[in-house]
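Taking it in order: structure first as structure tokens, then the write-up.
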Amino acid sequence: MTDVPDSYDPEQVEPKWQEEWRGSEIYNPEGEPDYVIDTPPPYPTGQLHLGHALGWSYMDFAARFHRLLGEEVLFPQGWDCHGLPTEVKVEEEENIHRTDVPREEFRDLCVEYTERRIDGMKETMQSLGFSQDWEAEYRTMDADYWEKTQRSFVEMADGEDDYVYRDEHPVNWCPRCETAIADAEVENIDREGTLHYITFPGVDNDDIQIATTRPELLAACVGMAVSPDDERYEDRIGDTFEVPLFGQEVELIADDDVDGDFGTGAVMICTFGDKQDVDWWAEHDLDLRPVFTEDGHLNHLAGDYEGLKIEEAKGLIADDLEAEGLLEDTEPTDQSVGACWRCDTPIEILSKEQWFVEVRQDEILEKAEQVEWIPDHMYDRLEDWTEGMEWDWVISRQRVFATPIPAWFCGNDDCEYVHVAEIGELPLDPTETDPEIDACPECGGEDWEGETDVMDTWMDSSISPMHVQGWPDEEFTPTTLREQGHDIIRTWAFYTLLRVTALEDEIPWEESLVNGMVFGDDGHKMSKSRGNAVGPEEAIEEYSADSVRQALALGGQPGSDIQFQWKEVKSASRFLTKFWNIFQFSADHFDEDTPEIDAPAYRDADKWILTKLSRTADAVEEDMAEYRFDAALRKLREFVWNDLADDYLELVKGRLYEGRPGERDAARKALYTAVSASVRMLAPFSPHFADEVYHYLPGTEGSVHAASWPDVEFADEEAAEKGDLIAEVASEIRAWKSDEGMALNADLDRVEIYSEYGREWDTYDLSEAVNAPVYPEAGEPNVELVPVGIDPDHSQIGPQFRDKAGQVIGALESADLTQLKNQKEIEGEISLTVDGEEVTIEGDAVGIEEEYRAESGEEVEVLETDRATVLVFP
RNA sequence: GGGUUUGUGGUCUAGUUGGUUAUGACACCUCCUUGACAUGGAGGAGGUCGGCAGUUCAAAUCUGCCCAAACCCA
């Protein structure tokens, strides 16, 4: 084989194979798949970042590995299209407000925009060599997908279980996005606020002071509260006070949840400042005085302040309190405020009529426990989040670009009937279509008003495993794997568990593999302002996709955060070069018949490398099956570099160049087996490189990704031991030559090797490797033997002597070495006096370290390895 | 404030049920063009395994406390 290029050029090779794969069907499963990935449908931001690259690499490693095992793998790719950020971008780009154009037109603009974004991300995915089945691509904005979302809604609304309901209830509200949002979409941000000490004049009693960071909520004040244990207010429970500036009268109540140490120990209760207010309001049956509008202004209940923005009102009201002499003091305070995770605007809590999905914690957790979480502590996160859920999931959004809620309201103002569509009517947009039923079953009215609210996008993505499994046409069976970042456990994983449990009473996936975050080279979160952000494209261009993938695999074990390091990418690229050179050298000795070499006369070195290969393949397979990609790749690299290249290749060079046909064939066959197996094991990590090598390898047909996992059952323990001896001696002599300043191929007069294998081993390859005649010898070399120390076996001496073990070791160390040696050799045990007592130690438990010393003046060098004593005659 | 996770040579990282000399990579120093590879080879220096206490004959590993960081939650 001489047509193998001298060097490996990923810039040319990678695009070539990507093109090849695109035109083939190797990533499309045939028939019923065995291994199904519920790929996270990313939000089409247009940019695939390294965090995505990590998650997708994990999935691709798993997909390719399972294909090599002969499984039919379904690795689809979806896109979670709907959502606010796109609406905002489109508004910016078109310079319009979404209400400026008809809903349908605005939706079309969003679709068009999303398509462009998807294309960009797809390109990066392909340049990273991911092996999705693009025939199974889906987009949640397509009608055939959101038909499923609507169907799932209808089933959950109509089913006996009745998960979906409509109600007025306080919800998180983003005043900028002007929509309700779910708990999962609220993020807490820490900031410094101002604590206002405000006097509430007493009605027929003394004044009281409260502390609040939100004076703009005075208009919404419906009560005051103190801790029941607070002695300062012991006699004042039930007293009435007047709300400053606004005049409504409120009562002081006692509640355990008041923190008496904060501010003055008295707080005002408003509708609503936070969730705590909601609790108090519900528990003490207080009035509802909502003062905020949906777009973040004050309404008529705020009197003169009507129309002001919330932030403006805060300042003005504080000023006016000051003017009235009711603002006692202000001080800075650290506060944590809920904010919209999409735009960081502080959220408000408004009481609104919305659609909800009931959260049934127990049944979600029951299913979550049946999922295998990798790493398993990720289950705890889900459990914590689930148990901490206080409110049901609000699924309606006051937006446009999302799945329409298939429901209508009776057009008769006096009738409150709400009609949910039948499954047969779907997909539909209720703002454009009337229901199939004619008359309202309650009032007989025939006019219908379509629901303009749309669904939370998590309603789309939380049925992804069902979509992937062909629901509703096919009966649902759990997918095999869900891979995702730990940041979306509380959202996507949670909602998916909720939905699949509700709809199918099944787990969505058997295994949930969680990836960590990817940090920059400096160990910090990647950010543009920090200047440590790296995109996949940049890294590919610098070193190759195959190297980036290896660097991601080796960054740490799945689940832990990893640091993106250029040096790892670089060392991966060096490994590929090394592997290429090994292959190139090997290929020189291969021909078309090499794979067919039958009954080769393997020598010890061959049996040794095959045994090592077999062990490596087993270990790597085990790691891959457990998603320990880091360990798998590390073991593979060590085998290829240390065992195959450094040791085996050096040993068999002589045989390959000058051996007799039979001897040569054995080496060629063993080498072929090792290279062929290694390249297949590398295929999940570096698929382009692997295909390139595989394609040049004789006896192969088609892609390495359609090949099978190496099945090298070779176990010759004795040959493995002898091979270790050979490799060890070769390496020791190489090191010695290096130390002596000799050329590594310098010839030697002869080498004698004394080992437990005596004369019963194969010296041919070693002799070639060290360039000297090699004489295996039994017995002891004829040189002076000097004991230099002891090597106690703590695992024997420890348990035997317990608390005396330290003294025993001490006695051994100070004993006369020659005497110890004699005792051990003659009696098989060692007797010592320890602390005035006679103790006896098994001979096995004490190793005697000895060194051979050449007689002075003799032309011989004595080298010691673990398994042998080597006499080198230069 | 609560929870989860992490802390190993300059940097990143491995270490399965406690057991001799703690893994590898990168960087660093010295030497070497030998018939795959100088993107290579051989050798070397560099660690109180975050700290303190405890359990044990024996702790990177188990327990407790403390410190630091990341994430999640309040």
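Below, chain A is the first sequence line, B the second, and so on; all start at residue 1. When reading the values below, keep in mind they use all heavy atoms of this one structure, side chains included, and skip hydrogens, waters and symmetry mates.
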message: Whether A:Gln565 contacts B:rA25 is assessed here as follows: a side-chain N or O lying under 4.0 Å from the phosphate OP1 or OP2. Is that the case?
response: no
statement: Exactly one candidate in A:Tyr495, A:Phe494, A:Trp458 meets ring-ring contact (aromatic ring centres under 6.0 Å, His included) with A:Trp393; the answer is A:Tyr495
task: Please tell me which of the listed nucleotides, B:rA25, B:rA36, B:rA74, lies nearest to the side chain of A:Ser571?
output: B:rA25
task: Going by the side chain to side chain contact (heavy atoms under 4.5 Å, CB included) test, name the single residue among A:Ser573, A:Ser686, A:Pro10, A:Ser571 that passes it with A:Ser547.
output: A:Ser573
task: Please determine, for the side chain of A:Leu649, which listed nucleotide (B:rA36, B:rU20, B:rU5) has the closest atom?
output: B:rA36
- request: Begin with the C-alpha distance, continue with both residues' side-chain angles, and end with the deciding distance and a verdict on side chain to side chain contact (heavy atoms under 4.5 Å, CB included) for A:Trp341 and A:Val186.
  value: CA-CA 6 Å; A:Trp341 75 338; A:Val186 176; over 6 Å; no
query: Looking at B:rA14, B:rC37, B:rC12, which one has an atom nearest to any side-chain atom of A:Lys567?
result: B:rC12
- request: Between A:Glu650 and A:Asp190, just flag the one whose closest nucleotide in RNA chain B comes earlier from the 5' side.
  value: A:Glu650
- request: Determine, step by step, whether A:Asn172 and A:Glu185 satisfy the side-chain hydrogen bond (donor to acceptor under 3.5 Å, both in side chains) criterion, reporting the C-alpha distance in whole Å, the side-chain angles of both residues, the deciding distance to 0.1 Å, and the verdict.
  value: CA-CA 9 Å; A:Asn172 304 302; A:Glu185 294 168 315; over 6 Å; no
message: Whether A:Asn188 contacts B:rA74 is assessed here as follows: a side-chain N or O lying under 4.0 Å from the phosphate OP1 or OP2. Is that the case?
response: yes
- prompt: Given the P atoms of B:rU8 and B:rC62, what is the spacing between them in whole Å?
  reply: 16 Å
task: Return the value, rounded to whole Å, for the distance between atom CG of A:Leu812 and atom P of B:rA58.
output: 17 Å
- request: Look at the side chain of A:Arg490 and decide which nucleotide, out of B:rG15, B:rC73, B:rA74, has an atom nearest to it.
  value: B:rC73
task: Please report, rounded to the nearest Å, how far the C1' atom of B:rC31 is from the CZ atom of A:Arg734.
output: 16 Å
query: Of all the nucleotides listed (B:rG41, B:rA36, B:rA70), which has the minimum atom distance to the side chain of A:Asp561?
result: B:rA70
query: Under a 3.5 Å cutoff on both atom distances, Watson-Crick or G-U, what's the dot-bracket for RNA chain B ([ ] crossing, | other strand)?
result: (((((((..(((......[....))).(((((.......))))).....(((((..]....)))))))))))).
task: Give the rounded distance in Å between these two atoms: CH2 of A:Trp385 and C1' of B:rC73.
output: 8 Å
- prompt: Should A:Trp566 be listed as having a side-chain N or O under 4.0 Å from OP1 or OP2 of B:rA27?
  reply: no
field: B:rG43 versus B:rA60 - spacing of their P atoms, nearest Å
entry: 28 Å
- prompt: Looking only at atom P, what distance separates B:rU6 and B:rU33, rounded to whole Å?
  reply: 49 Å
task: For B:rU5 versus B:rG64, give the span between their P atoms, rounded off to a whole number of Å.
output: 12 Å
Worked check of side chain to side chain contact (heavy atoms under 4.5 Å, CB included) between A:Leu552 and A:Tyr58: CA-CA 9 Å; A:Leu552 292 172; A:Tyr58 287 170; 5.9 Å; no
- request: Report which part of the nucleic acid A:Trp641 touches: base, sugar-phosphate, or nothing (heavy-atom distance under 4.0 Å, all strands).
  value: sugar-phosphate
message: Test side chain to side chain contact (heavy atoms under 4.5 Å, CB included) on A:Asp257 and A:Gln276; report intermediate values, then the result.
response: CA-CA 8 Å; A:Asp257 289 337; A:Gln276 180 68 66; 3.5 Å; yes
field: Under 4.0 angstrom between A:Arg381 side-chain N/O and B:rA70 OP1 or OP2
entry: no
- line: Of the candidates B:rG35, B:rC12, B:rC72, the side chain of A:Glu658 sits closest to B:rG35
message: Looking only at the side chain of A:Gln563 (C-beta and beyond, no hydrogens), which of the listed nucleotides B:rU4, B:rC73, B:rC12 gets closest?
response: B:rC12
- prompt: B:rU4 P sits how many Å from A:Leu382 CG, rounded?
  reply: 15 Å
query: Which value, in whole Å, describes the distance between the P atoms of nucleotides B:rC31 and B:rC49?
result: 34 Å
B:rA14 phosphate, OP1 or OP2, under 4.0 Å from A:Gln557 side-chain N/O: yes
query: Can you tell me how far C1' in B:rA27 sits from the matching atom in B:rA68, rounded to whole Å?
result: 26 Å
- request: Could you check how far CD of A:Glu568 sits from C1' of B:rU11, rounded to whole Å?
  value: 11 Å
statement: Winner on side-chain proximity to A:Asp646, out of B:rG3, B:rC57, B:rG41, is B:rG41
Pairwise C1' distance for B:rG46 and B:rA25, with rounding to whole Å: 15 Å
- prompt: Given that A:Arg637 and A:Arg634 both sit by RNA chain B, which one's nearest nucleotide is further toward the 5' end?
  reply: A:Arg634
message: In whole Å, measure the gap between the C1' atoms of B:rU13 and B:rG7 for me.
response: 13 Å
query: Taking the side chain of A:Glu638 as its heavy atoms from C-beta onward, which of B:rU4, B:rA74, B:rG24 lies nearest to it?
result: B:rG24
- request: Could you check which of B:rG3, B:rA14, B:rC37 has an atom nearest any side-chain atom of A:Lys578?
  value: B:rC37
